[in-house]
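All remarks here apply to the structure that follows.
As a basis for the values below, the full set of heavy atoms in this structure was taken, side chains included, without hydrogen atoms, waters or symmetry mates.
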Amino acid sequence: MLLGTVLVLLLFSAAPASAHAALRGTDPDDGSVVQRAPRHLTLTFTESVGLLDDSFRVFGPDQRRVRTGEAQHADGRSDTARVGLPGKLAQGTYTVAWRVVSADSHPVSGAFTFSVGKRSATSAQVDTGPDEDPLTSGLHDAARYLAYLAAALLVGTVAFALLCRPADTSPLRRPLVAAWWTLLGSTAVLLLLRAPYEAGAGPAAALDLSALERTLTGRPGLALLARLAVLLLTAAFLLRLSGRRDHQEPVMRAVGATLAVALALTWAAAEHASAGIQVPVAMTSSVLHLVATGVWLGGLVALLLTLRRASVDALTEVVPRFSRIAFASVTVLAVTGLYQSWRGLGSLSALTGTSYGRLLLAKLAGVAVLLLVAGYSRRWTARIAAPAAPARAAVPARVPQPVGASAEGREAAAESGTREPETSGEPESPDGPAKPGTGSGDPGIRRRLRRSVLVEVGVAAVVLMITTVLTGTLPSRAQAEAAQQAPAGALPPTTEITVPFDTGTGSVTGRGRVQVTLDPARVGDNGVQAIVFGSDTYLVVVPEVRITFTLPSRKVGPIDAELTDRGGYWSTNSVNLPLAGNWTMKTTVRVSDVDQVSVERKVRVEP
């Protein structure tokens, strides 16, 4: 009952939003100047997000961290994040670094700035929070890969035992036990590493009980708990499976299918399928895709082990059954894979233009190789299945009769069962008539089939590794949506321009350069700072620095920045550039009452 409740909560709490959260907007706006200090910072995302203890880091003009309240959802909306600010904030520019967890379990982060009263003369060094810890990330990725591998082996081996019905299942016991323990261990590791993975901290942070408690109440934690519950039920099922009777097979198949679907749902409910467009269809497709993957790829390992120990007669029944099951699994994989590719890509150009698309191409290449090898295996499967084909059973057997034999002699010969050899009675395979010595009893056939299946298993392991990386990569459709958002979750661009000048006077102040900073180099109010260096690379004091902006393509300007001498540098916080485009920045440096020079440079202003 508890397991069912958890799985239902996971399934129906998946909101229809974009995979990976994208920042839709901030309050105050990114790069804005507000006259009064705000009481809260509010971020709005394209989908629901989970909050961390350290979701916000706010740094003041002096680059020191500002004490904030606890991060919460604004007005109860799960797609927002809000944090309270102190009552008094000094004038200047503040940098906000944020980190949240999107609905598909992947942490996302970024930063933005706003100013109180006026912009700071110099920009603060931004601290976007802890970077992704390489050890935590490596352990997390390894555990995810082992979990995929173990789940495929577990589902495929059980399906092979129930559907292909080999007479001897003893070769399958070790892989079943190994798969179960591996999946249990990797799930426990993922549960412990969830908190440090979200926070970008080291593995030692897994010992924080409060962080673990928060993990157990979030969507990824619930999914991992549900997986552990399914594994406990699976253990009881495997014990029952080892002592099953033939009349119990239909029930065991139904129970096994239910457990396989529940296991796959613990992945679908916490990854890309749980967020984005068409969530119910996507989750159904993901579950079918994962189960079919396990039945095919895990079944290959079970077939490989069976080929080593099964008798000739057993192979003629088991191998054709698996061949049919594998074909059905590949069909399901093709349909669901096509849908998921369309859902994740969004456009054909994303195949080569994004990391997600290139990984998908690599996976498709691996699957193509896998299908080629599977086709080769199918040829030897047909040869092994040849002895099991009916040998013209409808034609009465001919018994050799001695010439001139009496009726009693003919009856005795018939009762002796001695048949007349008929070359036309040889069984045929799909590849043509079976030749003598090419049945399942031929060691060469079995050896070739084992080799081809072994190659399939190796390629399948590589495909699963690519799949693991793919599930942790931002889908192309979500990437395109995030790129359309403003801001995109990163600091606004800052343009620095070096303007050399030479008044021809030959003095230290007559030659040098002006270092101009335009922040944020976007449409609207911008800050401009100008620092003058002499020919000896030291700061120099000059009577005047003037900067104007002109947009020739739209006949706008010149707009005077009206710089103010700040005692060592010149600056302004409010030059309004109303249009995007390639502006001409004219810098005039006056070094005396009569000596000055003007230099023009191009500068790009973004929308």
Side-chain angles (χ1 to χ4, degrees), residues 22-35 43 61 91-97 110-126 128 479-501 513-533 544-566 569-589 597-607:
L23 184 60
R24 190 185 299 277
T26 65
D27 183 14
D29 291 335
D30 183 13
S32 64
V33 178
V34 296
Q35 297 306 313
L43 278 63
Q91 284 191 339
T93 300
Y94 289 78
T95 302
V96 182
F112 69 97
T113 63
F114 71 94
S115 301
V116 176
K118 62 179 181 178
R119 291 187 176 91
S120 299
T122 58
S123 299
Q125 181 67 32
V126 177
T128 59
Q479 182 176 339
E481 181 177 349
Q484 295 173 358
Q485 302 298 324
L491 286 173
T494 297
T495 300
E496 291 188 354
I497 310 101
T498 300
V499 183
F501 67 91
R513 58 188 174 87
V514 182
Q515 190 70 41
V516 181
T517 302
L518 181 64
D519 179 21
R522 285 182 177 172
V523 170
D525 284 340
N526 284 262
V528 180
Q529 294 86 37
I531 302 176
V532 183
F533 297 89
E544 184 182 14
V545 175
R546 187 170 65 254
I547 295 178
T548 60
F549 294 89
T550 306
L551 184 60
S553 61
R554 303 294 293 273
K555 297 182 179 179
V556 176
I559 299 174
D560 193 342
E562 298 181 358
L563 300 181
T564 301
D565 187 358
R566 303 292 183 180
Y569 67 94
W570 298 73
S571 72
T572 181
N573 291 324
S574 57
V575 56
N576 189 349
L577 303 178
L579 299 172
N582 294 317
W583 288 71
T584 299
M585 183 183 73
K586 182 179 179 180
T587 304
T588 301
V589 181
V597 64
S598 297
V599 181
E600 292 184 352
R601 287 288 185 271
K602 294 292 185 181
V603 60
R604 175 68 183 175
V605 175
E606 300 294 340

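Rounding to the nearest 0.5 Å gives a distance of 8.5 Å between CD of Gln529 and CG of Leu518. Remark: Thr517 OG1 to Ile497 CD1 distance equals 7.0 Å, nearest 0.5 Å. Considering CD of Glu562 and OG of Ser571, their distance stands at 12.5 Å, rounded to 0.5 Å. We find the OG1-NZ distance between Thr550 and Lys555 to be 13.5 Å, quoted to the nearest 0.5 Å.
Side-chain contact between Pro61 and Tyr94 is present, with at least one heavy-atom pair separated by less than 4.5 Å. For the pair Ile559 and Asn576, the minimum side-chain heavy-atom distance is 4.5 Å or more. With a 4.5 Å cut-off on side-chain heavy atoms, Asp525 and Val33 do not count as touching.
The main-chain N or O of Gly524 is found under 3.5 Å from a side-chain atom of Asn526 such that the two form a donor-acceptor pair.
The shortest heavy-atom contact between Lys602 and Pro552 is NZ-CG, 4.5 Å. Scanning all heavy atoms of the two residues, the minimum distance from Ala561 to Thr572 falls at O-CG2, 3.4 Å. Across every non-hydrogen atom of Ile547 and Ala530, the tightest pair is CD1-CB, 4.3 Å. In terms of heavy-atom proximity, Ala580 sits nearest to Leu551 at O-CD2, 4.3 Å. Taking all atoms of both residues into account, the shortest heavy-atom contact from Pro28 to Phe112 is O-CE1, 3.8 Å. Contact detail for Val605 and Arg522: the closest heavy-atom pair is CG1-C, 3.5 Å.
Of the residues listed (Thr498, Val499, Val514), the one engaging Arg601 in a side-chain contact (heavy atoms from CB on, under 4.5 Å) is Val499, and it is the only one.
By the 30° and 60° cut-offs, the orientation of the rings of Trp583 relative to Phe549 is perpendicular.
With sequence neighbours excluded, the residues forming a side-chain contact (heavy atoms from CB on, under 4.5 Å) with Thr588 are Arg546, Lys586, Gln596, Ser598, listed by chain and number. Here Gln91 pairs with Lys118 under the side-chain contact (heavy atoms from CB on, under 4.5 Å) rule; sequence neighbours left out.
When only modelled atom types and interatomic distance are considered, Thr113 and Thr95 share no side-chain donor-acceptor pair under 3.5 Å.
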